[in-house]
Amino acid sequence: MSTLVPPSFDSKATTPSPSVTSTLHILQGTLDKKRGISKPEDDLWPEGYVWDIEDPVERRFCVQWLTHSIEWATKRSILVGDSDDWTWIMDTAAMQLAELCGKGASGKVKRSVKVWGPDAEELPGVIINEPSFVEADVGCQTWGSATLMARRISRHDIPVRQFSSCLELGSGTGLAGMVLARELQHVGGVVVMTDYLASLLDVLTASSRDNSVDDGTAQIRHLDWFEVAQRMQNAEAGVAAPKANYSDVTAQREATAGARQLDVAGMQRGFSLVVAADVLYELEHAKVIPILADYFLATSGKVTPRFVVTTPLRATHKKEVSAFEAEMAKIGSLRLVARDDTTLADDLSGWVERVGAAETEAITQTLTADANDTWRYRTYIFERC
């Protein structure tokens with residue numbers, strides 16, 4: 001039976017009280033479920049307090065209580081001796097406090113993302129592991145572009161099963177790539193998911209296990225975009241060294257030294273499909289992405305090779321979008337076959353109406369969440385010609 005008030009902290013305790021331990025377990029279950037993760041053990045702690053973290057006032061009190069719990073456990077562990085129980089209190093409360101205080105303070109997070117199939121069936125959630133902001137900067141977040149691309153791939157609005165070998169540039173937390181891998185698993189295809197940061201390669205590897213695509217369907221590789229640009233020696237591209245968000249590029253290179261590198265030379269023209277979501281956040285990136293697409297995309301095949309890009313139309317990044325479009329126009333062997341702009345909410349509601357899908361609780365909840373994202377997203381589809 002849950003308690004009516006948050007448990008207090010016994011200043012003479014020699015071990016953590018069951019009510020504090022139970023309350024932390026219950027709160028962890030609440031946070032897990034908010035991210036779409038359900039664990040059987042979350043329901044085994046009936047004697048704690050249930051925080052209503054959706055209520056702003058209750059949430060503030062919860063933050064204060066977590067802060068006090070860390071202080072209490074720290075002091076008691078010093079006075080009575082450290083133990084695994086006190087350490088668990090400190091570590092769990094600290095992680096929950098970080099999550100409640102926002103992404104900038106948050107540590108690693110695992111969450112489930114809803115997607116639907118072509119017949120309007122709700123598919124198993126895509127499990128995504130997000131690293132901390134400290135570890136991956138902007139790469140720590142699953143952005144709307146990846147969400148839109150993932151939904152369209154899972155619904156077959158962007159068909160992918162005809163492509164046997166695929167490459168994702170700048171995979172980030174991997175939502176689009178994981179959905180792509182689940183689709184290709186049906187036909188024995190492969191997607192190579194790439195990024196630059198070691199922390200992102202780690203979470204991509206974890207997510208491939210969580211989504212059961214670590215059977216060779218999803219292959220995680222390190223890729224330095226500007227190494228490819230240098231290899232092509234394209235003087236006309238005017239691509240300078242990246243003004244990356246990563247504070248120490250040298251350190252990142254050292255951190256990924258043991259990672260499995262993409263065979264850049266061996267994979268030239270090696271993929272029938274190349275995809276990328278939200279990769280135009282630096283001007284240099286907007287210029288180098290077309291070079292990468294031309295380098296890695298096959299020139300021909302049983303199906304016409306495709307390059308698919310989704311990007312937000314941020315007011316702050318108009319130059320990047322324009323630069324990308326201008327550079328793509330210079331590549332004579334790639335032609336634009338489709339382009340559309342939409343919001344997440346408009347895309348989902350339009351699909352619901354188009355296929356006559358029942359507006360389930362999951363769809364209603366997703367539409368409500370999508371309403372908070374007011375950005376418009378542009379999707380480009382290019383084909384070899």
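From a predicted model like this one, the values you see are computed outputs, not experimental measurements.
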Could you walk me through whether Glu284 and Lys287 pass the salt bridge (Lys or Arg N to Asp or Glu O under 4.0 Å) check?
-> CA-CA 5 Å; Glu284 291 83 359; Lys287 292 178 180 179; over 6 Å; no
Do Thr311 and Ser145 pass the side chain to side chain donor-acceptor pair (under 3.5 Å) test, and can you show the C-alpha distance, the side-chain angles, and the key distance before you say yes or no?
-> CA-CA 6 Å; Thr311 190; Ser145 297; 5.2 Å; no
List the steps, then state whether side-chain contact (heavy atoms from CB on, under 4.5 Å) holds for Leu273 with Val308.
-> CA-CA 8 Å; Leu273 174 67; Val308 182; 4.1 Å; yes
Under the side chain to side chain donor-acceptor pair (under 3.5 Å) criterion, do Ser83 and Asp85 qualify, and how do the steps go?
-> CA-CA 5 Å; Ser83 71; Asp85 292 336; 4.8 Å; no
Evaluate salt bridge (Lys or Arg N to Asp or Glu O under 4.0 Å) for Asp347 paired with Arg155, printing each intermediate quantity in order.
-> CA-CA 12 Å; Asp347 174 75; Arg155 297 180 332 220; 3.1 Å; yes
Using the side-chain contact (heavy atoms from CB on, under 4.5 Å) rule, take His156 and Arg161 through it: C-alpha gap first, then chi angles, then the decisive distance, then the call.
-> CA-CA 9 Å; His156 297 184; Arg161 292 190 183 185; 3.9 Å; yes
Give the intermediate values and the outcome of side chain to side chain donor-acceptor pair (under 3.5 Å) for residues Ser333 and Arg384.
-> CA-CA 6 Å; Ser333 62; Arg384 280 292 191 197; 2.6 Å; yes
Can you list the steps and then say if Trp143 with Tyr377 is a ring pair (Phe, Tyr, Trp, His ring centres under 6.0 Å)?
-> CA-CA 11 Å; Trp143 297 94; Tyr377 296 91; 9.7 Å; no
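By the neighbour-count criterion of 12 heavy atoms within 6.0 Å, atom CD of Glu121 is densely surrounded, having more than that number from other residues, nucleotides or ligands. A 6.0 Å sphere centred on CG of Asp341 holds more than 12 heavy atoms belonging to other residues, nucleotides or ligands.
For the pair Arg314 and Trp375, the cation-pi test (distance below 6.0 Å, angle within 45°) is passed.
Thr67 and Gln64 share no side-chain donor-acceptor pair at under 3.5 Å.
Evaluated for a salt bridge (charged side-chain N to carboxylate O under 4.0 Å, His left out) with Asp157, the options Arg152, Arg354, Arg151 yield exactly one hit, Arg354.
At a threshold of 4.0 Å, the pair Arg35-Glu99 counts as salt-bridged, since one of the basic side-chain nitrogens sits closer than that to a carboxylate oxygen.
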